[in-house]
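Worksheet: one structure, shown below.
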Amino acid sequence: MDGKELASRCPQLRHEDGTWNPRHGTWYFYLELDAGPGGKRRRIRRGGFTTQEDAENALEDARCRVLRGLDPGVRYTVGQYLDEWLAGHGGLRRSTRKSYGEHIEYYLKPHLGHIELDQLRVAHLNEMFAAIDADNERILWAAGERRRLLAAARQAWRSGDKGAHRAARADLAGLPPHRRTVGAATMQRIRATLRSALEDAVRQGLTAVNVAKLTKLQTGKRPKALVWTSERVTAWQTAYERELAAERASGRTVNAFKIWMSLPRPSRVMVWTPEQTGTFLDHAADHPLYPLLHLMAFRGLRRGEACGLAWPDLDLAGASLAVRESRVKITYREIEDGDPKSDAGEDTIPIDSGTVTVLEAHHRRQDEARAEWGQAWQESGKVFTREDGSALHPDHVTDAFARLAYGAGLPPIRLHDLRHGAATLMLAGGADMKLVQALLRHSSLAITADTYTSVLPEVAREAAEAAAALVPRKIPAQDARPSVLPTSSQNEEE
């Protein structure tokens, strides 16, 4: 009645015969901790347990947490901790925060969010990545079905079979939404996000072990750069013309550029030959973005680095530039100007004389445009801008590049593949792999070597000829006359 806790003295805890009444009261436990600062007493009290056994198990768990150096009074689920960790993680680039948030929202919380933080084990992570793998199989199946049904719908439309066309479209609508598979490299990044979060949790005493460090994953292999050789171009061109003819035969309006963009390529990373790169640059020579594309093609800047390049970081007299800032898309309407990628080890890049000439002419044209626009000029300070001086949207550069490549009659590559092409051109020109690493600002030589082990065919042939020339011969290879090897039966008779 007076609000005081009766504990075991409560008369309703027992029946009249002296047995416990399970419908009244709950069990509590108390745990004495080491004295705090100034000898202050510390004690944990926790209740609400329906049975004595539950309370004893919880008490033992609290003792174990104390022995492991954890705070027994603080308990988090993985999901709660990750949300708080990301919200309180200051100093992140917006693009990095977006990446962390996607990993947490799409993968870590759905699979691990319900588990208590200090109970997280390697087995839980293995189960998560196995589930992601299984989901990949469903995504691939849906993609195959989508391609099959689209082909069926196109064929039905061409033949005039409206019923079959409606049926194929209805089946398409029943497929799950289009999603990308999660590759080995992305799984590595998901684990890296969790590893970073758990590292902070260990420092705070919320868990004893960073289990993300103990989880083994398949190494994400970097895609090899393949060159658009004449054989590959012929195969791709044949497929393009076949699809184009089929669309024209259907009687519908033909979007040749859309077909050009959608056809699969031999590899995710494709590189133009020097001749193809020259064809592209000649075709783009009158486009306002030509100086930017020229610089990317020869010096291998990333898209964000080229869009973020400022005039103070470009030394035309000294024929060099410094990568100090990158302009990165967060969402279409959110653009971040920030530091370049963390693997940018060497930030000063030499410029060839041809590129210097192109940039000097561009500087003069920008000064003329500034004078023409007058007070309406938007002084962004960037080397490459829109017509009014405002900073470029990275996606606009990508779109312009694709249309220029299509207009030049070339097989498709991504804008980022100009960076790979620049590396390949440097290797073809005799540059050492270590120099290419420095110019591309890779954090390690292994990254450069893994990506560019497949170089231009003529480079490989020259290397083969140089190796063969090292061996002295008295009989020239073309004069050698090998005899016919005896058969196995002849060997047995001898």
Side-chain angles (χ1 to χ4, degrees), residues 102 106-107 110 130-186 223 226-272 276 279-280 283 329 331-333 395-417:
E102 289 174 349
Y106 299 153
Y107 307 107
I132 292 174
D133 257 341
D135 202 30
N136 279 340
E137 294 179 7
R138 289 189 288 270
I139 293 171
L140 290 172
W141 172 85
E145 282 294 287
R146 187 173 287 103
R147 286 192 298 268
R148 182 184 67 80
L149 291 170
L150 281 172
R154 284 195 297 265
Q155 182 60 36
W157 179 268
R158 292 164 185 164
S159 63
D161 190 342
K162 295 183 179 180
H165 181 262
R166 282 195 298 270
R169 300 299 298 183
D171 289 341
L172 272 170
L175 290 176
H178 174 70
R179 292 165 53 202
R180 295 179 61 180
T181 57
V182 180
T186 302
L226 293 183
V227 180
W228 272 115
T229 59
S230 57
E231 294 82 6
R232 291 180 181 130
V233 171
T234 299
W236 181 88
Q237 189 70 30
T238 300
Y240 171 68
E241 291 174 356
R242 182 169 57 245
E243 188 66 23
L244 201 60
E247 284 296 301
R248 286 170 177 160
S250 70
R252 290 183 295 181
T253 302
V254 176
N255 188 331
F257 174 68
K258 185 177 179 180
I259 295 173
W260 182 88
M261 286 284 289
S262 63
L263 280 179
R265 298 167 295 175
S267 172
R268 189 165 68 90
V269 178
M270 296 301 299
V271 176
W272 284 329
Q276 291 163 344
T279 298
F280 169 78
H283 177 75
K329 182 183 78 169
T331 64
Y332 185 81
R333 296 185 180 277
D395 277 359
H396 293 174
V397 180
T398 299
D399 295 342
F401 168 77
R403 293 196 173 276
L404 285 168
Y406 165 74
L410 293 167
I413 67 172
R414 304 171 304 162
L415 175 62
H416 190 73
D417 291 336

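Just so it is clear, the values below take in all heavy atoms, side chains as well, and ignore hydrogens, waters and symmetry mates. All figures in this text were calculated on a predicted structure; none of them were measured in a lab.
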Aromatic ring pairing F257/Y406, orientation class (parallel under 30°, perpendicular over 60°, tilted between)
perpendicular
Sequence-distant partners of H165, side-chain contact (heavy atoms from CB on, under 4.5 Å), two or more places apart:
A153, A156, W157, R169
Taking C-beta and beyond as the side chain, do E243 and R154 meet within less than 4.5 Å on heavy atoms?
yes
A side-chain contact here means heavy atoms from C-beta on lying under 4.5 Å apart; do P412 and W236 qualify?
yes
List the steps, then state whether side chain to side chain contact (heavy atoms under 4.5 Å, CB included) holds for I413 with V269.
CA-CA 7 Å; I413 67 172; V269 178; over 6 Å; no
Heavy atoms only: give me the nearest A142-L175 pair and the separation to one decimal.
O-CD1, 4.0 Å
If I take atom CE from residue M261 and atom CZ from residue R403, how far apart are they, to the nearest 0.5 angstrom?
8.5 Å
Nearest-0.5 Å distance, CD of residue E137 to CD1 of residue I132:
13.0 Å
Can you list the residues that meet the side-chain contact (heavy atoms from CB on, under 4.5 Å) rule with S159, with sequence neighbours excluded?
D161
NZ of K329 to NE2 of H396: how many Å apart, nearest 0.5 Å?
10.0 Å
Could you check whether any side-chain heavy atom of V182 comes within less than 4.5 Å of a side-chain heavy atom of Y107, counting everything from C-beta outward?
yes
Mind checking the CG-CZ spacing from L172 to R147? Nearest 0.5 Å is all I need.
12.5 Å
Distance in Å, Q276 CD paired with L410 CG, rounded so as to fall on 0.5 Å steps:
6.0 Å
Exercise: identify the closest heavy-atom pair between P411 and V233
CG-CG2, 4.0 Å
Counting C-beta onward and ignoring hydrogens, is there a side-chain heavy-atom pair between V271 and W228 closer than 4.5 Å?
no
So L140 and T181, do their side chains get closer than 4.5 Å, heavy atoms only?
yes
Any residue meeting salt bridge (Lys or Arg N to Asp or Glu O under 4.0 Å) with D171, in chain and number order, not counting sequence neighbours:
none
Going by salt bridge (Lys or Arg N to Asp or Glu O under 4.0 Å), name the residues that satisfy it together with E145, two or more places apart in sequence or in a different chain.
R148
As an exercise, state the distance from CG of L244 to CG of N255, rounded to the nearest 0.5 Å.
10.0 Å
Heavy atoms, side chains only, cut-off 4.5 Å: are R180 and I139 in contact?
no
Just to verify, what does T398 make a side-chain contact (heavy atoms from CB on, under 4.5 Å) with, not counting sequence neighbours?
R303, L415
Can we say D417 and R265 salt-bridge, meaning some charged N sits less than 4.0 Å from an Asp/Glu carboxylate O?
yes
Shortest non-hydrogen contact from V254 toward R248:
CG2-CG, 3.5 Å
Just jot down the side-chain contact (heavy atoms from CB on, under 4.5 Å) partners of H416, sequence neighbours excluded, or say none.
R302, R414, R419, H420
Classify the angle between the aromatic ring planes of W272 and F280 as parallel (below 30°), tilted (30 to 60°) or perpendicular (above 60°).
tilted
